[in-house]
Protein chains: 2
Amino acid sequence: MQVEPMENLRSGCDERRNPVPDEEGHPTPEEMDLRTVLHALSDPHRYRVIARFLREPDGTERTCASFQLPVSKSTTSHHFKVMREAGLLRMVDHGNSRTAVLRRAELDARFPGLLDLVSKG
Amino acid sequence: MQVEPMENLRSGCDERRNPVPDEEGHPTPEEMDLRTVLHALSDPHRYRVIARFLREPDGTERTCASFQLPVSKSTTSHHFKVMREAGLLRMVDHGNSRTAVLRRAELDARFPGLLDLVSKG
DNA sequence: CGCGAGGTACGATGCAAGTAGAACCTATGG
DNA sequence: CCATAGGTTCTACTTGCATCGTACCTCGCG
């Protein structure tokens, strides 16, 4: 149950098994709303997830369960849905499980400095 | 009975810079918490107030009522209290009324880039 | 001196959001 | 082929928060 890096580097049209990312509720950078992102980050559990992603190399994939949030499985899923719909995370289907990836480059381009604030926290 | 007679600090009505931040519940930059600030900004009304401040010259003072938020007087006061306690605004006593000032320089130093995001919004 | 304007404090209320349990889904692996 | 792991969805509960009305405060001004 360890985290495999998998080297999922989104270079150009890198698509694993998920041809259309937007169909799963991922907003494009233009669709991202700052207030929605701020609200997503204002929750302690979600903030912690993003902060932890920021301490790891770019492109790191992690399962929702690997964060071991002190909440139930369904609540964890809810929080990841909020972050996904805000544009913070991208969910990648891996068959058996799904992993989350911080949309770092897109967020840095859309909201410059925001992730830096979180990483400095 | 419920109102503590805090010492009256205004020796001059046109006193702009308040040298003592903590007396009225203003956090120091070190006391500011990013999550608290993000939560304060995630509300549409509060976001609008900050965004409007950012369109005006630095140091601009405005009364709470001047924003004409589509909410009641007590709700407006509540929102300004949230922003004040988060560190976004500084309330300045002017005897008859009070004005709010965006703590721009302090926020820029404490959370670099945050206000820029709001102004680009 | 009382009145009004601008704000704050408090209690109540209604809705949004966090939370959990249970049922369900999908792919992997024995 | 079923058991299991990891996630999602549904429903329900509960907490938090925005909202409002009311009461009250503090000036400044008739």
Side-chain angles (χ1 to χ4, degrees), chain A residues 1-4 6 16-18 23-26 33 35-49 61-86 89-101, chain B residues 1-15 23-26 35-49 61-86 89-101:
Chain A
M1 60 159 288
Q2 197 37 258
V3 183
E4 283 87 352
M6 289 289 188
R16 307 185 69 77
R17 317 165 74 121
N18 217 340
E23 285 181 355
E24 292 199 49
H26 298 106
D33 174 52
R35 258 160 306 182
T36 305
V37 172
L38 296 182
H39 171 256
L41 288 173
S42 66
D43 179 87
H45 296 141
R46 296 193 291 256
Y47 188 95
R48 207 168 81 180
V49 168
E61 295 191 6
R62 295 189 55 170
T63 65
C64 307
S66 71
F67 290 92
Q68 301 184 71
L69 297 182
V71 292
S72 71
K73 195 167 63 165
S74 56
T75 301
T76 300
S77 183
H78 160 72
H79 283 308
F80 275 79
K81 180 182 182 184
V82 171
M83 291 186 281
R84 167 169 51 87
E85 291 180 342
L89 300 181
R90 182 181 304 278
M91 303 305 288
V92 182
D93 198 342
H94 280 290
N96 191 1
S97 66
R98 308 182 74 188
T99 53
V101 185
Chain B
M1 163 189 166
Q2 59 265 34
V3 176
E4 289 295 333
M6 62 182 81
E7 58 237 275
N8 199 350
L9 49 83
R10 53 180 220 87
S11 38
C13 284
D14 50 350
E15 186 71 39
E23 285 182 357
E24 292 196 50
H26 298 105
R35 259 161 305 181
T36 306
V37 171
L38 297 182
H39 171 255
L41 288 172
S42 66
D43 179 88
H45 296 140
R46 296 193 289 256
Y47 187 94
R48 207 169 83 180
V49 167
E61 295 191 8
R62 295 190 56 170
T63 65
C64 307
S66 71
F67 289 93
Q68 301 183 70
L69 298 181
V71 293
S72 71
K73 195 167 62 165
S74 56
T75 302
T76 300
S77 183
H78 161 70
H79 283 310
F80 276 79
K81 181 182 182 182
V82 171
M83 290 186 281
R84 167 170 51 87
E85 292 180 342
L89 300 181
R90 180 183 306 280
M91 303 306 287
V92 181
D93 198 343
H94 280 289
N96 193 359
S97 66
R98 308 182 75 188
T99 53
V101 186

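Below, chain A is the first sequence line, B the second, and so on; all start at residue 1.
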Protein-nucleotide distance ([X], atom [atom1]; [N], atom [atom2]), rounded to Å:
| X | N | atom1 | atom2 | value |
| --- | --- | --- | --- | --- |
| B:Phe80 | C:dT8 | CZ | C1' | 14 Å |
| A:Arg46 | C:dT19 | CZ | P | 8 Å |
| B:Asp43 | C:dA16 | CG | C1' | 12 Å |
| B:Asp93 | C:dG7 | CG | P | 11 Å |
| B:His79 | D:dT19 | NE2 | C1' | 8 Å |
| B:His78 | D:dG16 | NE2 | C1' | 11 Å |
| B:Phe67 | C:dG6 | CZ | P | 15 Å |
| B:Glu85 | C:dT8 | CD | C1' | 12 Å |

Excluding sequence neighbours, so at least two apart, what forms salt bridge (charged side-chain N to carboxylate O under 4.0 Å, His left out) with B:Arg62?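 B:Glu56.
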
Could you work out, with salt bridge (charged side-chain N to carboxylate O under 4.0 Å, His left out) as the rule, every residue matching B:Arg46, not counting sequence neighbours?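 Partners of B:Arg46 by the salt bridge (charged side-chain N to carboxylate O under 4.0 Å, His left out) criterion come out as none, since no residue qualifies.
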
Side-chain N,O ([X]) to OP1/OP2 ([N]) below 4.0 Å:
| X | N | result |
| --- | --- | --- |
| B:Ser97 | C:dG6 | no |
| A:Arg98 | C:dA27 | no |
| A:Thr75 | C:dT19 | no |
| B:Ser77 | C:dT8 | yes |

Taking the side chain of [X] as heavy atoms from C-beta outward, which of [options] is closest to it?
| X | options | result |
| --- | --- | --- |
| A:Val71 | D:dC20, D:dG7, C:dA20 | C:dA20 |
| A:Asn96 | D:dG7, C:dA9, C:dA27 | C:dA27 |
| A:Lys73 | D:dT9, C:dG6, D:dT8 | D:dT8 |

Between A:His39 and A:Ser74, who's closer to the 5' end of DNA chain C by nearest nucleotide?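 Nearest nucleotide further toward 5': that of A:His39.
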
For a side chain to side chain contact (heavy atoms under 4.5 Å, CB included) with A:Val82, tell me which candidate from A:Glu85, A:His78, A:Arg84 qualifies.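 The option that passes is A:His78.
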
Sole candidate of A:Arg90, A:Met91, A:Glu61 that passes side chain to side chain contact (heavy atoms under 4.5 Å, CB included) when paired with A:Thr99: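 Output: one option passes, namely A:Glu61.
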
Heavy-atom closest pair, residues B:Val37 and B:Ala86: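 Taking every non-hydrogen atom into account, CG2-O, 3.5 Å.
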
Would A:Leu69 and A:Thr75 count as a side chain to side chain contact (heavy atoms under 4.5 Å, CB included) if you check the C-alpha gap in whole Å, the side-chain angles of each, and the deciding distance to 0.1 Å? CA-CA 9 Å; A:Leu69 297 182; A:Thr75 301; over 6 Å; no

Within the structure shown, what part of the strands sits under 4.0 Å from B:Thr63 by heavy-atom distance: base, sugar-phosphate, or nothing?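 Sugar-phosphate only.
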
Using the C1' atoms of five pairs at each end, what's the angle between the two axes of the helix from C:dC1-D:dG30 to C:dG30-D:dC1, to 10 degrees?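 Roughly 10° between the end axes, to the nearest 10°.
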
Quick one: sort the B:Phe80 and B:Phe67 rings into parallel, tilted or perpendicular, breaks at 30° and 60°.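 Tilted: the ring planes of B:Phe80 and B:Phe67 meet at 30° to 60°.
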
